[in-house]
**Q** 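Before we start, here is the structure in question, set down as structure tokens.
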Amino acid sequence: MMDTVSNRPALADLVLFLGRLLLAFIFLHEGTSLAANMTATIATFAKLSLSAPVAIATIALQIGAGLCLAIGLLSRLGAVTLAFFCVATALLFHTNFTSQNELLHFEKDLAIAGGMLVLAASGAGRISIAQLIKSRAKTIPSWLAAVL
């Protein structure tokens, strides 16, 4: 039987919260670093034959989905989006397996994608904005509860 938010031990929710923060950190850090150095970011993306709008979308994705994970609102959606992003990054940019560094980045991206899929399956847990909204709402449609 699968645990639900209502019957999961409090310690598990604390661990889930810390895991969400650790997963979110890499994307929030990278997204804000890219945004803070926009000229260099756009130049780096151009070297990879990627346009400025792709750079901006990448920044928005990393910061937006990272915040979703960190605060626990729309965290399943953020986690799935970041899982796809990590798999795409691994397959598009880290395939030179003769380089130990590239292989490490490939494996890291796949591992993070796996963590994101686990988070998408488990949900944000009790220590989240979504749970706060659910607990304070008198009635909430089931589809909205699932998305939160």
Side-chain angles (χ1 to χ4, degrees), residues 1-38 40-41 44-45 48 50 53-148:
M1 183 169 124
M2 190 172 187
D3 280 344
T4 63
V5 171
S6 61
N7 68 3
R8 190 168 34 216
L11 181 58
D13 279 303
L14 180 59
V15 170
L16 185 55
F17 173 65
L18 293 174
R20 279 193 356 248
L21 291 179
L22 290 171
L23 284 168
F25 176 76
I26 191 169
F27 296 99
L28 292 171
H29 177 260
E30 184 65 19
T32 55
S33 294
L34 292 174
N37 302 303
M38 190 59 81
T41 297
T44 300
F45 273 62
L48 297 169
L50 297 170
V54 172
I56 293 166
T58 299
I59 292 167
L61 170 71
Q62 290 183 340
I63 294 173
L67 283 172
C68 285
L69 296 185
I71 67 172
L73 182 63
L74 302 174
S75 59
R76 290 179 197 264
L77 177 62
V80 168
T81 303
L82 288 171
F84 282 122
F85 176 77
C86 287
V87 170
T89 300
L91 294 174
L92 294 172
F93 300 108
H94 301 299
T95 56
N96 178 10
F97 300 140
T98 58
S99 165
Q100 188 65 33
N101 187 46
E102 287 297 310
L103 178 60
L104 176 67
H105 283 290
F106 180 83
E107 294 170 337
K108 170 198 58 94
D109 285 343
L110 293 183
I112 293 170
M116 291 298 171
L117 293 175
V118 169
L119 180 58
S122 71
R126 279 190 212 130
I127 307 172
S128 66
I129 299 297
Q131 186 60 30
L132 181 66
I133 291 169
K134 289 176 195 176
S135 69
R136 299 213 176 182
K138 292 183 182 190
T139 60
I140 187 167
S142 58
W143 67 267
L144 182 57
V147 170
L148 289 175

**Q** Which value, rounded to the nearest 0.5 Å, describes the distance between Leu132 atom CG and Arg126 atom CZ?
**A** 14.0 Å
**Q** Can you name the closest pair of heavy atoms from Thr41 and Ala55 and give their distance?
**A** CG2-CB, 4.1 Å
**Q** If every non-hydrogen atom of Glu102 is compared with every non-hydrogen atom of Thr95, which pair is closest and at what distance?
**A** OE1-N, 4.3 Å
**Q** Please examine the side chains of Met116 and Leu69, heavy atoms only from C-beta on, and report whether any two atoms are closer than 4.5 Å.
**A** yes
**Q** Using atom types as modelled and distance alone, determine if a side-chain donor or acceptor of Arg20 lies under 3.5 Å from a backbone N or O of Ile127.
**A**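 Looks like yes, one N/O pair under 3.5 Å.
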**Q** List, one per line, each side-chain donor-acceptor pair under 3.5 Å for residues 72-88, sequence neighbours excluded.
**A**
{"residue": "Arg76", "atom": "NH1", "partner": "Ala120", "partner atom": "O", "Å": "2.7"}
{"residue": "Arg76", "atom": "NH1", "partner": "Ala121", "partner atom": "O", "Å": "3.1"}
{"residue": "Thr81", "atom": "OG1", "partner": "Leu77", "partner atom": "O", "Å": "2.8"}

**Q** Heavy atoms, side chains only, cut-off 4.5 Å: are Phe45 and Thr58 in contact?
**A**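 They are in side-chain contact.
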**Q** CG/Leu92 to OG1/Thr89 distance, rounded to the nearest 0.5 angstrom?
**A**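 So the CG of Leu92 and the OG1 of Thr89 are separated by 7.0 Å.
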**Q** How close do Met38 and Ile59 get, heavy atom to heavy atom, and via which atoms?
**A** CE-CD1, 3.6 Å
**Q** Nearest 0.5 angstrom please: Asn37 CG to Thr32 OG1, how far?
**A**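 If I round to the nearest 0.5 Å, the distance is 9.5 Å.
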**Q** Nearest 0.5 Å, what's the CG-CG distance between Leu18 and Leu14?
**A** 4.5 Å
**Q** Within this structure, what is the CD-CG distance for the pair Gln100 and Leu104, rounded to the nearest 0.5 Å?
**A**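 With rounding to 0.5 Å, CD (Gln100) is 7.0 Å from CG (Leu104).
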**Q** Nearest 0.5 Å, please: how far is CD1 in Ile63 from NE2 in His29?
**A**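 That separation rounds to 11.5 Å.
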**Q** Would you name the heavy atoms of Ser122 and Leu16 that are closest together and state the gap between them?
**A**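 Looking at all heavy atoms of both residues, the closest pair is OG-CD1, 3.7 Å.
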**Q** Please name the pair of heavy atoms, one in Leu28 and one in Gly66, separated by the smallest distance, quoted to 0.1 Å.
**A**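 Leu28 and Gly66 have their closest heavy atoms at CD2-C, 3.8 Å.
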**Q** Look only at the side chain of Gln62 and the backbone of Gly31, and say whether a donor-acceptor pair between them is shorter than 3.5 Å.
**A** yes
